[in-house]
Amino acid sequence: MDEKLGRIRRQQAAAPGIMMAKKKISDKPSSTGEDRESVVIRFAGDSGDGMQLTGRQFSNTSAIAGNDISTLPDFPAEIRAPAGSIPGVSAYQIHFSSVDILTPGDEPEVLVAMNPAALKSNLHDLKPDGRVIVNTDAFTGANLKKANYEASPLDDGTLASFQVIAIPIATLNAKALEGIDLPRKEADRSKNLWALGLLYWLYDRPLEPTLRWLERKFAGNDILIEANRTALLAGYAYAEASEIFTTHFRVREALIAPGRYRKITGNEALVLGCVAAGILAKTQVIYASYPITPASEILHGLSTYRRLGVRTVQAEDEIAAMGMVVGAAFGGGLAVTGTSGPGLALKAEAINLAVMAELPCVIINVQRAGPSTGMPTKTEQGDLLQAVFGRNGESPVAVLAQSTPSDGFDVVLEAFRTAVRHMVPVIILSDGYLGNGAEPWKIPDIESLEPIDMFHPEGGGKPFHPYERAADTLARPWAIPGTAGLEHRIGGLEKEDVTGDVSYDPANHQRMTDLRREKLKKIADFYPPVEVDGDGEGDLLVLSWGSTFGAVRTAVGKCRGEGRSVSHVHLRHVHPFPNDLGEIIGRFGRVLIPELNGGQLLFLIRSAYLVGAEGLNKVEGRPFMVAEVASRIREMT
Amino acid sequence: MDEKLGRIRRQQAAAPGIMMAKKKISDKPSSTGEDRESVVIRFAGDSGDGMQLTGRQFSNTSAIAGNDISTLPDFPAEIRAPAGSIPGVSAYQIHFSSVDILTPGDEPEVLVAMNPAALKSNLHDLKPDGRVIVNTDAFTGANLKKANYEASPLDDGTLASFQVIAIPIATLNAKALEGIDLPRKEADRSKNLWALGLLYWLYDRPLEPTLRWLERKFAGNDILIEANRTALLAGYAYAEASEIFTTHFRVREALIAPGRYRKITGNEALVLGCVAAGILAKTQVIYASYPITPASEILHGLSTYRRLGVRTVQAEDEIAAMGMVVGAAFGGGLAVTGTSGPGLALKAEAINLAVMAELPCVIINVQRAGPSTGMPTKTEQGDLLQAVFGRNGESPVAVLAQSTPSDGFDVVLEAFRTAVRHMVPVIILSDGYLGNGAEPWKIPDIESLEPIDMFHPEGGGKPFHPYERAADTLARPWAIPGTAGLEHRIGGLEKEDVTGDVSYDPANHQRMTDLRREKLKKIADFYPPVEVDGDGEGDLLVLSWGSTFGAVRTAVGKCRGEGRSVSHVHLRHVHPFPNDLGEIIGRFGRVLIPELNGGQLLFLIRSAYLVGAEGLNKVEGRPFMVAEVASRIREMT
Amino acid sequence: MIDRSKNRATPTRKDFQSNQEVRWCPACGDYSILSQVQKIVPTLGIEKEKFVFVSGIGCSSRFPYYMNTYGFHTIHGRAPTIATGLKVANPDLSVWVITGDGDALSIGGNHLIHALRRNMDIKILLFNNRIYGLTKGQYSPTSEQGKKTKSTPAGSPDYPVHPVSLALAAEATFVARAIDTDTKHLAGVIERAARHRGSAFIEIFQNCNIFNDGAFDEFKARDVRDERVVRLEQGKPVRFGKEGGRGIRLRNCTLEAVSSGPGEEPPDCIVHDEKSRSFIAYMLARMEYPEFPVAIGVFRDLEKPTYGELLDEQGDFRIAGDTAEALRSLLHTGETWVVGNE
Amino acid sequence: MIDRSKNRATPTRKDFQSNQEVRWCPACGDYSILSQVQKIVPTLGIEKEKFVFVSGIGCSSRFPYYMNTYGFHTIHGRAPTIATGLKVANPDLSVWVITGDGDALSIGGNHLIHALRRNMDIKILLFNNRIYGLTKGQYSPTSEQGKKTKSTPAGSPDYPVHPVSLALAAEATFVARAIDTDTKHLAGVIERAARHRGSAFIEIFQNCNIFNDGAFDEFKARDVRDERVVRLEQGKPVRFGKEGGRGIRLRNCTLEAVSSGPGEEPPDCIVHDEKSRSFIAYMLARMEYPEFPVAIGVFRDLEKPTYGELLDEQGDFRIAGDTAEALRSLLHTGETWVVGNE
Ligand SMILES: Cc1ncc(C[n+]2csc(CCOP(=O)(O)OP(=O)(O)O)c2C)c(N)n1
Ligand SMILES: Cc1ncc(C[n+]2csc(CCOP(=O)(O)OP(=O)(O)O)c2C)c(N)n1
Ligand code: SF4
Ligand code: SF4
Ligand SMILES: [Mg+2]
Ligand SMILES: [Mg+2]
């Protein structure tokens, strides 16, 4: 540990008791350590086994230890399935590394399987020759049956190609906790910490962050603190003492930019971005939403920020939420709603009202696998065309895509700036993978965050024209109710140019339709130039958007490392496209568009640029593996 | 009249009284008649002036007289505007012809203007040198002001380039009705019939159909029959007697296919098609809908067909209507809903349920000008991309487009056949122009209408698999509740292939997504080959869909007549595209896509075939004029 | 909430008339309601620019265009949601919702209920003409069962909903009813709604002389209304008829109309109590002619903290003055760590 | 409507258990409701295949998967509309709606009201756990004001809606309430709903032991329930407590709980009348602990023609036998004319 302290200062000094504990364990000489650049591991168990918590602890600790990390939680479908069943399995994958990483990793090298169902549903992802750590206590006849195993996979050769580490974790944990006054059932619940301790030893992780966290989490309940701490240390000690592992591994700190960091999920980043937007605009943020997986955490998060000017409303449904957003925008607030696919469908009519009324607002869509209810806890990029086209009439809105968990912060700020600057609704596309996935985030320099300009006209002598536009943005003025002298009426009927009166005039309708379209195009004038990763021209351009960023960027990097002529453009601005995109596309021989859908960006690109781009499409409810993208690139170069 | 009787037999013999009346008028030798191939006229007046009724009478009479006709009603926006105001103007254009016609005509040669507002808002469409028949009684100071005329257009030269026929219609009508015991205000309401009589003389129309209609309409109220009849005859007599017209015109019967005809609007055709579908399928039709302009008449129409097996439900909103359709389809009925753009947006989520549950149903969208509430009484083709893409996830549905008013009958039958054959929702795109426009329709030969195959499996011994598919269509079986032995559960969550159980399996989701897409593609295997109007290859292909059929076909025909190399393909199947479409497009040098939107089919075609098609786009809330399309074709050839 | 402090000339009725031509059919009941609202709003001591009229879609929903203040003609059925968002963002405004029986009770029924139960401080005027006016004459949720309309040529099979019952069941704190042509009474009810703290709901019987003419004539016509309409007054016995010679009493848990002898008071009349949480209000609201007189006036007027007030209690809504400080507290709270030198 | 004619072995409870693994949390109140439904449905004399269970989205809405008959797990809030369409298309079916407090009262509130007012012959079971279970613990429209949940860390500002009040106000013809753990009573109420002609609505208090554990324990716990729950019985005085020693009476238009001396009957108790159109049912439904005992049982049971019956009255629903004849009557009616020879 000590050598790390130079580069990594922890916020709070470790509590003395914890240091002691650490010392005690370290009395025995540590087994040999082996350096690794990156490691991917996965915890899997029953929903009741606390795997999400275990995974989050491992990833927090790794982040604090200076690694770059990327995580992939994979929790069960909506319903709490029966204990021990396959639908009840919950898993958490962590990629931690001494170099910059962008994905949670393709294949874990260690799988911790707390029961047969967890083994069954996760084994196929394990690296050939990888380690399986199984909790043998859970491999009872009943549990095997629930997992549809005819015979125990521990005996029948199923695991022949892996390194099996079979440990009666529950038993050992119970023994360790014998002295603590806790019923067996309760004591059992800490077995995840026993497993965590084991893995901490294996990958040479510091114990302090988790010990500190236990103190906070169970503050006031000393018995639980004691029990969990004991479990963690027991697992750690077992690994060291039992010599089941011949070696342990070290993943050194990543050479990441200096600064203050925090771990952040995609949904958390969106939350922080929304709150920051309000502060930067010096106005209130109104977030109206109806709960839906995987967007609910944005509501949960924002509802804790009243003190920083956020008002959240849990609306009666998605339509109401969007109606409230339109009303709040009319009232001059920074109005935002969040939802997932089916909710976006429901919001369409009210979004269209914002289009016609030309009111600024932000709609966050954390996509999930569709169509219909689909697979609510699984990720997909299936709503791009819905976002662009899913409203009646010619209804232009801007669409931005979030690319990594932490990018949520930036994307929300940009969305608000765009909405307010052009008086348009802006849709942000995130997805379940980003929403739940986490990565370390360098907290931005506060001074670097520019204010959001909120311009509300004041009433003057001259008559007010609610549809008179600014030349550079084509935005109409945002005059807010309560301002004397600017009284006016708006609505969903076609508006007369300049005056905003209702108009059925044919030529006016054409003009207004053109203006709304033009206004949208103007947004692209405010984009920075498109960044090309790799050479500015070549054989293959890989074009992607949204959550596939990490896998695609990594794959392209790898292939370029192999000497292939391949570059990567990742689109933040999916509608309207950047002005320079067509020209860049034209500089490449072929274009590959990997997406987690049937080919939606592909569709837009083909139409916009008449280029025979090809798609790499996957609709499995889970993200791309780097290898999948890389192998397609290799086929094409 | 007599010479026509050989070819045109009227259903009911004319009542003797009417013949007498006709005789009386015809005592005086008729002024010279001049033959015309086609004529376009327009009635315009205040909403209270009965212009829709007048127009419908003129067009009915013309149809019965054997002309081909096409009409364009243009009524005021939703709200009854104040009498005499411009928003209160109601107009009706009729194109009647001795040859086959496909549009209501570009420019009327006669405009009947019942008041200044009607003149103001319709004059610009009148043919140069056309006739304006004005009701001078309405040109009072107050009315001029309401129409924003500073001076009377009758005096100030505004009408200099037209032939002005100024008649105090109200006064003359009141005089004619003097003997009838009716208050002046009531009597005044028949002045539209006076004007109609005038036009009947001018275009040598028979009076009987209208006289018969008056008898039916006012049955039981002899005074009103008398008043209206008198007004009609008075107008007719005035034209003949006053010699304000030096000549009258004859438009001979069109050489249309022999058979029994009726006049039909687009909405009526959809109604008849729905009822016929139920009869042909020998099952009940359930139409659930929420009123919305311009689709409400479908609900009104279908609600009169209970005796033929139709159940209509006026739902609480569009979402409910679509939910009812999904439920009715599950129950084994022919389920259909109708709406307009904003309603389609609201139905998206429930349509998606039908996609996932793979239930057959039909959604009729009578498009209107958008976005948002837009211009509810005006036409547009703005919802094509919404229909194709406006749902979350990969959600394939079939989209058909109605092309003429009477085509509604065929398009609904095809929609039901497709829905039932492939177990998919089918969207029909109509629009306000088609919905309200009328044309004569040759009633199809009853024997030629093929039954609609409804296959519902029976319970047998073997286990039932609700997602086991037919090879040729990929349809799943439509087992309906109440069938013993086929009990099963469906829903919006992803289904396991074959069994239909809920599944979160990644590979299964990919497979099911692919299957749904494949199934949609299979629909195209059942299309007839695409018909090319004109040569199969050449310089320019004009590609259109929906209600633009008439204008585009006419324009292409004209230009081909001028020796240009231009052909026309009109798409009924907008999603999925016909299998042979790409190949046909490839045989032309350029492609022009005229649409009443910002370029939506254009977008689909460019993407699908990577062809640099060009758009001719108009978003004015009204249909193309033939001249607009023709002039663009001329520019391109 | 409402800022009454500034020192400007009190607005007049004229000030609230916009320059838009009114586009309802001549003699439509909407005119009279518009006129009463324009009469009342200037008297409330609220600046003109603080008023916002939000409507859905329907004939009645054109209302905002005619008010010379802020207005939003939104989409069908959703006005309560837009009004809610507006009020949450900008609590100083006086927010009114104008809606029709289809707008509020068919497509918008759920939003109405939820706005009411939240006790949002918005005023909802429901123009009930028992028909869809704008779409030209389909039946509405308040149309009588069996009604023949364009969409129900054989008569509607639906039983009507009762707007006041629903509003009461939705826990509305102010619920009233008025009649378009009874203008003085209407004005009084509007004023009370305006001054109520919390959500206020008024059902206004409104004649649609084109598609449902005379729907309420049976009891509202001038010559019969004294015998067929009862006006509720707080703390007063529920009486009607010539010189109040008839009244309503409760017998065996049901209402009963009673008459007095000449010059006497009808016996045992219910004393109207707007503040009561009992459900007599339901029963009064559901009296229907000819069995009973139809009740108008305020059925319920309760004081409960509004949504906005409850939110305010939860913490300071205003944004801390110092941007940098606020951002720091936002971003640096929770578990963070430093790489290199900060 | 229901075809009871065919001659097959009566189904048993087992026949209604599907092969799907039940996926609710252990000890969730949903289990007990499922079990009571599976007990009652075989006793109704309706063939198994005639039952259809339609649900929205929520924990409770997985219910159809566990019933071995036809089922449709639809989308959030819309189950009443799907059930309506199904029943209109196929009136012979016994159609049930399974829904949660969020599903039925938040997003689906409007559809619920309209299905009820139409008196559609469908049975609606609302599993009220006063929380959003499936989305992991946000407050619902029935949650207490001030409730702290994931989405309201400082307490919810919304006043709850009262499902039975809403159902009564929506003109439902059958309205009842039951408790998940009071299984015999629950079964009885379900059976009565099943046998009711028209729409039937049951609110079932259901414990969510994960996100809102013990929400109803205050009055439903075994040791206190006799004192804190009153079971309504048709035609009987409203009494509760040990040996019925306490009762409910009406005083000055409000309810009041009274006690008797030992061995006596409590005085003046209201006699429960499910058939009454008065609004005592509202007041009984709204009794809340601790002021009052909580009432369970049937609040209202009225006979009115159903939507289907009214539609049937309007004409023959079946299709005329002869296709050609029907088509001719369809296409050749109205004004037609002949060109050439027909
Ligand atoms: C989403 C949507 N559905 C349907 C309509 C059509 N529509 C407009 S107003 C209206 C009903 C009007 O009735 P009501 O609310 O009673 O108002 P009124 O016209 O009687 O004042 C309907 C169905 C619409 N504009 N939007
Ligand atoms: C359109 C839509 N919005 C939101 C959701 C997310 N969602 C699913 S169930 C639910 C609420 C569940 O609560 P309740 O109806 O009370 O059922 P419970 O789980 O408590 O049984 C929500 C908000 C969804 N599936 N669809
Ligand atoms: S249609 Fe009826 S409600 Fe609408 S403006 Fe005319 S009279 Fe009034
Ligand atoms: S979350 Fe609650 S309601 Fe849902 S299954 Fe678990 S205990 Fe039941
Ligand atoms: Mg109305
Ligand atoms: Mg619930």
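To find a chain, count down the sequence lines: A is the first, B the second, and so on, and within it residues start at 1. Computed from a predicted model, the values in this text were never measured in an experiment. Atoms considered below: every heavy atom in the structure, side chains included; atoms not considered: hydrogens, waters and symmetry mates.
Highest contact tally toward chain C, considering only A:Ile319, A:Asn60, A:Leu449, A:Leu280, is held by A:Ile319 [criterion: heavy-atom pairs under 4.5 Å]. Between chain C and the options A:Thr483, A:Val325, A:Ile490, heavy-atom pairs under 4.5 Å are most frequent for A:Ile490. The most heavy-atom pairs under 4.5 Å with chain C, out of A:Gly333, A:Ala276, A:Ala328, come from A:Ala328. The choice from C:Val95, C:Val54, C:Thr84, C:Asn68 that makes the most heavy-atom pairs within less than 4.5 Å of chain A is C:Asn68. The choice from A:Leu353, A:Val326, A:Asn352, A:Leu334 that makes the most heavy-atom pairs within less than 4.5 Å of chain C is A:Leu353. Across A:Arg262, A:Glu447, A:Glu487, the residue that shares the most heavy-atom pairs under 4.5 angstrom with chain C is A:Glu487. Chosen from A:Tyr305, A:Trp213, A:Tyr261, the residue pairing most often with chain C at heavy-atom distances under 4.5 Å is A:Tyr261. Contact tally against chain A (heavy-atom pairs below 4.5 Å) for C:Arg328, C:Met67, C:Arg78: the top residue is C:Arg78. In terms of non-hydrogen atom pairs under 4.5 Å with chain A, the most contact-rich of C:Phe72, C:Tyr307, C:Tyr65 is C:Phe72.
With a 4.5 Å cut-off on non-hydrogen atoms, A:Ile264 does not touch chain C at all. Contacts between A:Ile443 and chain C at a heavy-atom distance below 4.5 Å involve the side chain alone, from C-beta outward. Proximity to chain C (any heavy atom under 4.5 Å) is shown, for A:Thr304, by neither the backbone nor the side chain. With a 4.5 Å cut-off on non-hydrogen atoms, A:Val313 touches chain C through its backbone and its side chain both. For A:Leu272, the parts lying near chain C are the backbone and the side chain together; criterion is any non-hydrogen pair under 4.5 Å. Residue contact with chain C, scored on non-hydrogen atoms closer than 4.5 Å, involves the backbone and the side chain of A:Ala320 alike. The part of A:Asp317 that comes within reach of chain C is its side chain, from C-beta onward, which places non-hydrogen atoms under 4.5 angstrom from that chain. Contacts of C:Phe53 with chain A are absent, with no heavy-atom separation under 4.5 Å from either backbone or side chain. Interface remark: A:Lys442 contributes no atoms to any contact with chain C (heavy atom separation under 4.5 Å). With a threshold of 4.5 angstrom between heavy atoms, A:Ala257 approaches chain C through N, CA, C or O but not through any side-chain atom. Both the backbone and the side chain of C:Ala324 have a heavy atom closer than 4.5 Å to some heavy atom of chain A.
A:Thr337 contributes no side-chain N or O that, together with a main-chain N or O of A:Met322, makes up a donor-acceptor pair within less than 3.5 Å. Using modelled atom types, no side-chain atom of C:Lys48 and backbone atom of C:Pro42 make a donor-acceptor pair closer than 3.5 Å.
Aromatic ring pairs are classed by plane angle as parallel below 30°, tilted from 30° to 60° and perpendicular above 60°; the pair A:Phe330 and C:Tyr70 is perpendicular. In this pair, C:Phe63 and C:Trp24 present their aromatic rings tilted. The plane angle is within the 30 to 60° band.
Taking the six-membered ring where the residue is Trp, the centroids of A:Phe409 and A:Trp441 are separated by under 6.0 Å. The ring of C:Tyr66 has its center no closer than 6.0 angstrom to the ring center of C:Phe16.
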Derivation and outcome, salt bridge (charged side-chain N to carboxylate O under 4.0 Å, His left out), residues A:Arg260 and A:Asp445: CA-CA 9 Å; A:Arg260 185 171 287 273; A:Asp445 185 10; over 6 Å; no
Audit row: A:Glu268, A:Lys263, salt bridge (charged side-chain N to carboxylate O under 4.0 Å, His left out) steps and yes/no: CA-CA 9 Å; A:Glu268 284 164 2; A:Lys263 204 190 71 167; over 6 Å; no
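Checking each of C:Arg197, C:His196, C:Arg117, C:Lys304 against C:Thr173 for a side-chain hydrogen bond (donor to acceptor under 3.5 Å, both in side chains) leaves exactly one that passes, namely C:His196.
A salt bridge does not link C:Glu171 to C:Arg118: none of the charged nitrogens lies less than 4.0 Å from a carboxylate oxygen. Looking at C:Asp121 and C:Lys87, a side-chain N of the basic residue comes within less than 4.0 Å of a carboxylate O on the acidic one, giving a salt bridge. Taking a cutoff of 4.0 Å between a charged side-chain nitrogen and a carboxylate oxygen, A:Arg216 and C:Glu335 qualify as a salt bridge.
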